[in-house]
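Chain A is the first sequence line, chain B the second, and so forth, proteins listed ahead of strands; every chain is numbered from 1.
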Amino acid sequence: MRTARRRPIHRTMNDTTTPAPDSAPRYDFAAAEPKWQQAWADRACFTVEDVPTDGKPKYYVLEMFPYPSGKIHMGHVRNYTLGDVVARYKRARGHSVMHPMGWDAFGLPAENAARERGVHPAKWTYDNIAAMRTELRRMGLSLEWEREFATCQPEYYQHQQKLFLDFLKAGLVERKESWVNWDPVDGTVLANEQVIDGKGWRSGAPVEKKQLSQWFLSITKYAPDLLDALDRMDRWPERVRLMQANWIGRSEGAKLAFTLADSNGADSAETVEVYTTRPDTLFGMSFMAIAPEHPIANEVAARDPKAAAFIAECKSRGTSEATIETGEKLGYDTGLRVKHPFIEGATYPVWIANFVLMEYGTGAIFGCPGHDQRDMDFARKYALDVTPVVLPPNTDPAAFVLGKEAYTGPGTAFNSGFLDGLDVDAAKRAAIGKLESLGVGKGLTNWRLRDWGVSRQRYWGCPIPVIHCDKCGVVPVPDDQLPVRLPEDVTFDKPGNPLDHHPTWKHVNCPACGAKARRETDTFDTFVDSSWYFARYCSPKANVPLVKAAVDHWMPVDQYIGGIEHAILHLLYSRFFTRAMKDTGHVSVDEPFAGLFTQGMVNHESYRGTDNRWLYPEEIEKRPDGTAVHRETGEPVTVGRVEAMSKSKRNTIDPGAIIARYGADTARWFILSDNPPERDMEWTESGAAGAFRFTQRVFRLAEALDGTRTETMPDAFGPAGRTMRRATHRCIAAVTEALDSFAFNVAVARLYELANAITEAERAATEAGLAWARREAVEMLARLSSPMMPHLSEEVYARLFPDSGHLVAELAWPEADPALLVAESVTIAVQVMGKLRGTIEAVPNAPADAVIAAAEADPNVAKALEGKRIVKRVHVPNRIVNFVVAG
RNA sequence: GCGGGUGUGGCGGAACGGUAGACGCAGAGGACUCAAAAUCCUCCGCACGUGAGUGUGUGUCGGUUCGAAUCCGACCACCCGCACCA
């Protein structure tokens with residue numbers, strides 16, 4: 001258990017307050033920022049214990065940990081600034097705040113660097129981490145670096161291997177064959193997003209569909225709970241919950257078996273299973289369609305070359321964009337026929353169809369063109385029967401004809417035997433009942449969610465801790481042999497997985513029988529690494545995956561912050577993993593993230609030169625008329641769209657350069673002030689410069705107090721002092737409210753208002769107590785802005801209270817004096833028929849009679865009322881008077 | 001196609017059903033300065049008016065209400081997600 005050691009605050013005021021030359025800024029952020037970062041570290045302001053005993057309510061703030069690409073980008077700055085505001089604010093509000101940081105350090109870019117530049121993935125990764133850690137430290141984030149880890153460290157991934165083995169024991173892991181995207185040149189499986197136009201994103205080779213034995217985590221076992229729990233996650237964005245619900249994809253229907261008729265029309269032994277959500281439309285069936293990968297399709301292909309050719313064509317067209325965009329439906333009649341479950345003697349053709357997916361349902365459907373658009377398209381193309389069986393409300397059955405549009409709305413069954421007259425829902429139930437009594441089918445809830453394939457044929461990932469033995473099959477690596485470490489001496493000179501090529505690594509003896517055996521050479525999908533890191537932070541040094549007392553104290557994460565791009569995979573995998581960890585006794589919670597906030601992107605204008613090449617923002621110069629020229633050549637520059645910062649468009653801003661020029665506080669302040677954090681923001685030079693001006697202005701407001709020091713609060717204040725104090729305390733209340741609701745841009749606006757009010761007070765004539773009121777205002781300006789601009793806040797506070805002995809980071813959040821939140825007088829709007837005709841001043845909560853009388857007396861109001869009869873007088877206390885008139 | 005979201009000045013945006021445009025950016029004018037920078041002050045939705053003020057205005061059209069950016073209905077535009085899911 002670590003304890004926080006307290007050391008004195010460094011006081012080096014003279015370093016930063018030496019008058020600079022007139023033209024230079026007087027607040028020297030370059031000196032102040034490292035100084036305060038050191039002070040926070042020295043006094044361990046952000047350190048908490050794994051199992052705290054301080055009795056404070058816990059608050060776990062987490063931003064999605066970064067991939068160590070080597071440099072932070074503005075998206076990181078936004079993400080970590082948002083998290084830091086929450087962390088610092090909650091800390092000040094009396095919470096014990098855990099705010100850790102680490103690295104999502106396994107992944108393909110490290111291997112690419114190894115192939116392209118010959119640098120070892122580990123070196124590349126650790127160098128990048130060192131560089132990014134330095135940059136993050138410069139931001140002044142209230143992070144507890146003591147908890148830092150990288151997922152590529154054996155100290156981390158050994159516990160992941162242990163968790164996997166526990167899952168294996170608990171029956172949450174399966175090894176099964178599955179279809180994968182195979183890159184024949186790189187010799188590896190590709191994720192769907194790595195397949196572009198049917199070709200491998202690196203090799204450019206056409207991707208093949210291949211069946212491979214892979215490890216799967218049984219996320220589908222939790223599908224109902226993962227779906228149901230979404231309803232209770234009221235601190236998650238609605239759209240993320242919707243996206244997950246769609247992804248999980250629950251549907252209700254029936255599974256039923258069709259009997260194949262042999263060539264004589266008699267029953268054969270074979271059946272074909274079908275899943276449908278519309279069992280009520282069975283009487284409208286006109287064909288059956290099966291996926292090209294369906295076993296029956298294979299059987300047909302074995303004896304029918306044309307069928308084989310058709311299937312081959314489907315597979316090659318596969319996911320190609322042309323097929324998806326045109327949506328053209330293609331089919332091949334196998335000559336087989338199936339019998340209808342309800343209609344004696346009726347049989348239907350079996351087609352192989354490109355629009356039927358093997359991955360969904362059973363890979364076979366019954367076609368009802370009347371009430372399914374895809375089936376309709378197919379039927380019209382191949383001239384198959386169309387029989388309507390659902391009659392829309394208030395429609396004459398004789399007049400109801402279907403053209404090219406299927407009818408999918410509500411109605412009553414007709415042409416449907418025993419279902420006739422029932423509405424759609426009742427007909428579904430009746431049809432399912434009948435299928436069940438006939439023993440050919442049953443009601444079934446189907447899920448779109450698939451089990452999670454975690455095998456990757458790559459080096460730079462966590463080894464899957466199993467051994468393949470010819471005699472014993474798959475044998476888990478015993479606990480005492482963990483971790484299964486990655487070998488360091490690997491080469492990347494040939495395609496495929498370096499672990500597989502390694503001369504010795506995979507050759508081991510079977511832990512069960514001692515015979516020669518092989519290590520699993522696949523590594524985990526990196527989404528596994530990020531599916532439990534948030535729990536590991538609770539006890540990052542423990543020699544077991546998770547220390548129960550620590551995770552039970554800190555989990556769930558109270559506020560998780562990151563990009564919307566992880567709305568489905570990372571967040572869903574983490575929700576699953578947490579449930580699996582609970583079922584294997586590692587944690588006590590189901591849900592890892594109680595609150596989720598998804599931030600918007602950081603955008604920037606893009607620029608093109610005369611030769612149409614993209615230009616970096618620092619290569620161009622803006623002119624007053626809004627046009628731009630090349631800084632060196634003077635040639636005109638086309639100002640393009642404002643869009644997501646990307647290297648290819650060169651519209652990136654380097655956070656390091658911004659911090660060097662303006663300081664971290666300026667970067668943080670601008671990023672918070674621009675707009676609400678969930679929306680995309682635009683980084684602008686003028687906005688950043690504006691934020692910088694404000695940091696200087698705050699410092700000047702504090703400087704201007706020099707020589708006005710008074711220790712005790714005066715008994716009475718003059719009018720300017722009272723105005724100042726009310727502004728201060730209104731600001732406390734408003735900023736508090738804004739921070740509570742993630743309205744950081746509003747909090748910033750309220751602080752600008754306070755600064756403006758202080759400037760006004762500076763101009764007021766000297767009066768008793770005004771100096772004290774100004775000091776109070778500047779103090780609050782500093783303290784209220786501390787979550788956003790922590791360094792400047794400390795600097796100003798230290799200037800005001802050189803002997804306080806504590807840091808703003810250690811102070812409790814200010815409280816507004818309720819007495820000062822009540823205005824001395826209120827402005828009441830006066831309307832006539834809802835139109836504003838004037839305003840009157842009144843004491844708060846003045847009696848209605850007096851207010852209405854004063855309103856009527858207002859000259860402009862009187863003019864508007866002239867010659868009219870007042871029908872009604874509406875009075876909303878302290879807000880508005882409205883006269884309703886006639887005539 | 002299905003689902004979701006968003007429309008407010010030149011721009012980002014603010015606004016418990018109660019004075020629309022807080023605050024910032026950009027712009028205009030002024031003070032200080034030999035000058036510039038920095039800083040400070042004033043103005044800044046649109047139209048008419050010297051002005052007081054009047055009219056108009058939150059995507060469009062309606063509705064509810066004493067009063068609508070806000071609530072309801074229809075439509076338009078844009079953005080995002082998913083997509084042959086049976």
Side-chain angles (χ1 to χ4, degrees), chain A residues 22-26 237-243 245-247 249-251 253 274-278 281 289 323-324 327-329 353-357 359-368 371-375 377-378 408 446-449 564-565 567-568 622 624 626 642 669-670 673-676 678-682 684-691 693-694 696-697 700 734 738 743 745-756 759 762-763 827-839 859-860 863-864 871-885:
Chain A
D22 269 2
S23 59
R26 282 184 282 184
E238 175 68 17
R239 66 172 175 151
V240 174
R241 290 187 287 162
L242 265 161
M243 282 161 77
N246 290 338
W247 186 264
R250 181 191 144 99
S251 65
V274 159
Y275 177 74
T276 179
T277 57
R278 294 297 302 271
T281 64
T323 318
I324 291 171
E328 193 188 0
K329 307 230 171 344
N354 68 339
F355 68 94
V356 180
L357 305 174
E359 307 87 75
Y360 189 79
T362 61
I365 61 159
F366 83 83
C368 176
H371 306 287
D372 183 287
Q373 192 56 47
R374 293 157 303 183
D375 298 347
D377 295 344
F378 192 75
T408 55
N446 196 42
W447 304 86
R448 182 180 171 278
L449 184 68
I564 186 73
E565 67 272 17
I568 296 176
K622 278 289 190 73
V642 173
W669 186 255
F670 173 53
S673 68
D674 190 60
N675 68 351
E678 68 275 13
R679 292 194 211 170
D680 289 355
M681 72 165 289
E682 184 190 353
T684 59
E685 266 309 301
S686 53
R693 281 199 299 272
F694 186 67
Q696 296 297 327
R697 187 172 161 212
R700 277 199 309 275
N745 57 323
V746 179
V748 165
R750 297 287 96 90
L751 287 163
Y752 271 107
E753 284 174 349
L754 181 58
N756 292 345
T759 301
E762 282 179 352
R763 292 205 300 268
T827 307
I828 293 172
V830 184
Q831 298 179 338
V832 178
M833 295 300 278
K835 278 191 202 296
L836 184 72
R837 293 302 174 193
T839 58
N860 208 43
K863 201 174 88 186
V871 180
K872 190 173 173 184
R873 295 167 174 84
V874 180
H875 173 241
V876 181
N878 303 326
R879 289 212 168 265
I880 206 159
V881 173
N882 189 13
F883 297 105
V884 183
V885 296

- Query: Closest nucleotide of RNA chain B for A/F883 versus for A/A691: which of these residues is on the 5' side?
  - Reply: A/A691

- When you match A/G361 and A/A689 each to their closest nucleotide on RNA chain B, which lands nearer the 5' end? A/A689

Rounded to whole angstroms, how far apart are [atom1] on [X] and [atom2] on [N]?
| X | N | atom1 | atom2 | value |
| --- | --- | --- | --- | --- |
| A/Q696 | B/rG24 | CD | P | 17 Å |
| A/D674 | B/rA26 | CG | P | 12 Å |
| A/R679 | B/rA14 | CZ | C1' | 10 Å |
| A/F694 | B/rG24 | CZ | P | 9 Å |
| A/L754 | B/rA22 | CG | P | 18 Å |

So, is [X] near the phosphate of [N], with a side-chain N or O under 4.0 Å from OP1 or OP2?
| X | N | result |
| --- | --- | --- |
| A/R837 | B/rG55 | yes |
| A/N756 | B/rG24 | yes |
| A/R750 | B/rA22 | no |
| A/R700 | B/rC40 | yes |
| A/N882 | B/rG67 | no |
| A/Y275 | B/rA86 | no |
| A/K835 | B/rU56 | yes |
| A/R448 | B/rA83 | yes |
| A/N745 | B/rG12 | no |

- Check if the side chain of A/R693 and the base of B/rA38 share a donor-acceptor pair of N or O atoms closer than 3.5 Å. no

- Query: So what does A/L357 touch, heavy atoms closer than 4.0 Å: a base, only the sugar-phosphate, or nothing?
  - Reply: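 Here A/L357 touches the bases of the nucleic acid.
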
- Query: Is the NZ or CZ atom of A/K329 positioned over A/F378's six-membered ring, under 6.0 angstrom from the centre and within 45° of the axis?
  - Reply: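 No, cation not above the ring by the 6.0 Å, 45° rule.
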
- Query: Is the count of non-hydrogen atoms from other residues, nucleotides or ligands lying under 6.0 Å from A/R697 atom CZ greater than 12?
  - Reply: yes

- Task: Report yes if the side chains of A/V885 and A/M833 come closer than 4.5 Å at any heavy-atom pair, otherwise no.
- Result: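 In short, these two side chains touch, coming nearer than 4.5 Å.
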
- Smallest heavy-atom separation, A/I564 atom then A/V240 atom, equals CD1-CG2, 3.7 Å

- Message: Testing the 3.5 Å rule here: is there a donor-acceptor pair between the side chains of A/S251 and A/Y275?
- Response: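 Distance-only check passes for A/S251 and A/Y275.
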
